[in-house]
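The structure appears below as structure tokens.
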Amino acid sequence: MNEIVIKQNIVPNVWLMGIYSPQVAKKAKPGQFVILRVTETGERIPLTIADFDSDKGIVFIIFQVVGKTTSILSTLNIGDSIADFVGPLGMPYEQDSNDKSYLFIAGGLGIPAIYSKVKMLHSQGKDIEIIVGGRSKENIFFEEELRKYCSSLYISTNDGSYGQKGLVTDILTQLLENGKRYDEIFAVGPVLMMKAVVDITKKYGIKTLVSLNPIMVDGTGMCGGCRVKIGNEIKFACVDGPIFNGFEVDFDGLMKRNSYYQDLENLSYKEHKCKIGLGE
Amino acid sequence: MQNWIGGIEKLEVLKRVSIKEQEPEKRVNNFDEVCLGYSSDEAVQEALRCLECKNAPCIKGCPVEVKIPEFIRLIKEKKFKESYLKILETNLLPAICGRVCPQETQCEKNCVRGIKGEPIAIGKLERFVADWFRQNCEFEFEKPESNGKKVAIIGSGPAGLSCASSLAKLGYEVVIFEAFHKLGGVLYYGIPEFRLPKEVVEWEIENLKKMGVEFRTNMVFGKTFDLEDLKQEGFEAVFISSGAGLPNFLNIEGELLNGIYSANEFLTRVNLMKAYKFPEYDTPIKLGKKVGVIGGGNVAMDAARVARRLGSEVYILYRRTEAEMPARKEEIDHAKEEGIKILELVSPVRFMGDETGHVRALELVKMQLSQPDSSGRRSVKPIDGSNFIFEADNFIVAIGQSPNPLVKKAIPELELNPNGSIKVNENLMTNVEGVFAGGDIVTGAATVILAMGMGKKAAENIDKYIMCS
Ligand SMILES: Cc1cc2nc3c(=O)[nH]c(=O)nc-3n(C[C@H](O)[C@H](O)[C@H](O)COP(=O)(O)OP(=O)(O)OC[C@H]3O[C@@H](n4cnc5c(N)ncnc54)[C@H](O)[C@@H]3O)c2cc1C
Ligand SMILES: Cc1cc2nc3c(=O)[nH]c(=O)nc-3n(C[C@H](O)[C@H](O)[C@H](O)COP(=O)(O)OP(=O)(O)OC[C@H]3O[C@@H](n4cnc5c(N)ncnc54)[C@H](O)[C@@H]3O)c2cc1C
Ligand code: SF4
Ligand code: FES
């Protein structure tokens, strides 16, 4: 169970893995995530289900190495197993059957979160455009895969090493100023990016969905740690989300909550790295 | 017997044999069990105080009617193993119940010895024989022949465990599905090590495995699988015991600030994820110098005592007075011995934070108690203009849990009560054919023994249901 059957380094620091988990693969739908724990002493972390193959029982995850858990995970190889792999969690992505045209915006690690939805909508014959953004050329991945499923793919990099120099929101603004309109916009990426997107789309009154990434523990609505303010209500992102109407999200609150453990996580990662240095 | 009692010093029969505990100054620095339990001699001595009353009022106070005078008599005779087996006839988890049951409001409340002196320490005796058995005997079980019928149980808390045990004894093939990576429900992730060592819970679960019960962890009913999947796998009945897992919040300003935990998150991080061993374990917990815990039940006491052990100065903030607290008295006393202070008659108004989004204080309003109403419960109301500020680095909200809503998603046609709990008939069957429910998901947050009682009752009815259909 939970055996790693595919492992690929996509771009520096970002890995794709296929995990053998027939039960999760069977139920998975675009928009959902898993919670995994790599080792017995490990932390439970959420990762988006980037794609899945129900027939072969494989669930695909794409993750960036940012801390201890993702770092340990990246050192595992095909044939290794991880301790726990729970899912699919969260509400699936629901599309409005009347909508025809979609714009997806993925910043940084947002690509895994849009990939399976793009594929699904494409199979239904919807019109899809995509904006992908990253810090630099080496952060952009899945370009070919995404191109297959959309009519236009726009790319931006902060340093201008690839695509248009600047931010995804620059491209968004240009498209909208040039008169482009969409039935729905779906934006995933750093909280600041999602907030910036919503600030723009609000002005145009275009329905905008975002996928939130608060810190989670159980992922089943039990701990309340993933609470976010949506409109005037407190919602639990793991069971009520992670996809929400972007116009209602309290992004500032989310950003602050996500930074809460940063110092301790850094400590744990540093210790872990030190031990690697000692050849353990 | 009567002669014997007349023959010894009266005072001695009136008072229970005192029990050894870790010293408060010492135990606030560790997670080891607080109560150290009776020695054999002490247990016998305490048992000797029991009058073996014919009408045994103590039994009537016990939700599963443990044969109290009978098991106590066996202690007197030093037949500890037999005593354990006697309890086991009605209670599957003596080592756990002996530790966490609110005996003072159940069996011990009715004990005849309590009229003039102190009631028999029924809970401590129960715990003694259970621990003695665990340390000295092998659990033996003759597996009955399988009747070829399969029952699925959702959740591995006390309700699920007791249902599984009863069904396994009848020859059913039982599978328990658990959302977490660890088994035991609240016994594992909620109640802390110093009150209920995980080793005890694990031992009970191992016994169930020996009885042939199968456990599947990381399986979320309503997400990983649903009712249709269970039917396809050949399960003829389902028992839902998914607990009251959804933490309630106060719905006041500032509740999203950093540093405010639900008791569930706080206890899960510490108990399940072992955050107190960070960074050996990866899950962190952050607690400042001063912590306020809001609530007055067992959950609040546990959270407060865990916070104390993590090195903080802890205050319990409660709406009523200590006398009205729903927590077990023993736990309140232990908390106070450990230096936890109780602020009575205060109610939260709003949290206040700093510019980084971290909580710094809570505005409280003072409350006053009214006369008891016809139900005997005294209500409280705020005193206008009595608001004041309570500063702390962290707050833990322990004001109750609501039923976990995931189950409804797995069975959309399932009928619920207005508060979200599952509606069942007198046989604990839901409106859905073959689907039974019990424990906190039906009653709302209650007790271990009630959950176990319902698990057992459900098993009897599941057996009838399957055998008659
Ligand atoms: C629903 C959901 C889906 C996600 N999907 C993906 C995905 O597909 N690919 C991917 O690479 N990451 C994803 N994340 C983020 C991922 O969970 C975190 O990167 C991971 O928890 C970091 O674990 P770590 O132990 O390696 O790092 P840690 O040491 O725990 O953290 C390092 C730093 O990462 C950040 N971080 C920690 N936890 C989270 C979190 N839950 N969300 C965002 N940032 C966090 C913090 O800034 C922290 O200081 C998702 C998060 C959520 C909630
Ligand atoms: C901190 C704390 C202290 C307590 N102290 C005491 C005490 O001292 N004495 C006492 O008598 N009682 C105490 N209680 C109450 C007691 O623990 C509960 O009443 C009892 O555990 C309820 O048992 P249960 O089997 O109904 O549910 P739980 O113990 O809650 O178990 C439910 C299980 O179901 C699992 N689950 C939930 N949803 C799903 C799903 N969709 N799919 C699969 N699995 C699922 C959960 O992960 C959990 O393991 C305390 C409770 C808490 C939280
Ligand atoms: S009521 Fe008290 S004294 Fe009487 S049998 Fe029960 S435990 Fe013993
Ligand atoms: S992660 Fe615990 S409630 Fe969402």
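Note that this is a predicted model, so its numbers are computed, not measured. The chains referred to below are lettered A, B, ... by the order of the sequence lines, with proteins before strands, and numbering in each begins at 1.
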**OP:** May I ask you to name which of Val397(B), Leu257(B), Asp229(B) has the most heavy-atom pairs under 4.5 Å with chain A?
**Re:**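 Top count of heavy-atom pairs under 4.5 Å with chain A: Asp229(B).
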Subject >> Top contributor to chain A contacts, counting heavy-atom pairs under 4.5 Å, from Ser262(B), Gly357(B), Ala179(B), Pro284(B) >> reply: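 With the most close heavy-atom pairs to chain A, the winner is Pro284(B).
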Neighbour count above 12 (heavy atom, 6.0 Å) for [X] [atom1]:
X	atom1	result
Lys409(B)	NZ	yes
Glu94(A)	CD	no
Lys198(B)	NZ	yes
Lys29(A)	NZ	no
Leu192(A)	CG	no
Asn232(A)	CG	no

Atom pair [atom1]/[atom2] of [X] and [Y] - distance to nearest 0.5 Å:
X	Y	atom1	atom2	value
Arg257(A)	Ile260(B)	CZ	CD1	8.0 Å
Tyr281(B)	Thr39(A)	OH	OG1	9.0 Å
Met273(B)	Glu43(A)	CE	CD	7.0 Å
Met1(A)	Arg216(B)	CE	CZ	9.0 Å
Thr224(B)	Lys27(A)	OG1	NZ	9.0 Å
Leu36(A)	His181(B)	CG	NE2	12.0 Å

**OP:** For residues Lys286(B) and Tyr260(A), report the shortest heavy-atom separation together with the two atoms involved.
**Re:**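 What the structure gives for the nearest pair is NZ-O, 2.5 Å.
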Original post:
Do you know the tightest heavy-atom contact between Pro247(B) and Gly221(A)?
Top reply: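 That closest heavy-atom pairing would be CD-O, 3.6 Å.
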Engaged part of [X] at the chain A interface, taking heavy atoms whose separation is under 4.5 Å:
X	answer
Ser402(B)	neither
Lys274(B)	neither
Leu406(B)	side chain
Glu280(B)	backbone

Original post:
Counting N and O atoms only, with roles assigned by atom type, does the side chain of Asn218(B) sit under 3.5 Å from a partner on the main chain of Asp84(A), one being a donor and the other an acceptor?
Top reply: no
Original post:
Just by distance, do the side chain of Lys256(A) and the backbone of His358(B) share a donor-acceptor pair under 3.5 Å?
Top reply: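 Answer holds: no.
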Can you check whether [X] reaches [Y] side chain to side chain, under 4.5 Å on heavy atoms?
X	Y	value
Phe225(B)	Lys26(A)	no
Val217(A)	Glu265(B)	yes
Thr268(B)	Asp218(A)	no

Which atoms of [X] are under 4.5 Å from chain B, going by heavy atoms: the side chain, the backbone, both sets, or neither?
X	answer
Lys229(A)	both
Glu233(A)	neither
Asp252(A)	neither

Original post:
Are Arg37(A) and Asp282(B) within salt-bridge range, i.e. N to O under 4.0 Å?
Top reply: no
Original post:
Between Phe236(A) and Phe249(B), how do the two ring planes meet: parallel, tilted or perpendicular, split at 30° and 60°?
Top reply: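 Rings of Phe236(A) and Phe249(B): perpendicular, over 60°.
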**OP:** Using a cut-off of under 4.5 Å on heavy-atom pairs, state which of Pro88(A), Ala28(A), Gly67(A) scores highest against chain B.
**Re:**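 Going by pairs under 4.5 Å, I would pick Pro88(A).
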Subject >> Full working for side chain to side chain contact (heavy atoms under 4.5 Å, CB included) between Leu256(B) and Arg227(A) >> reply: CA-CA 7 Å; Leu256(B) 275 180; Arg227(A) 61 190 187 277; 3.5 Å; yes
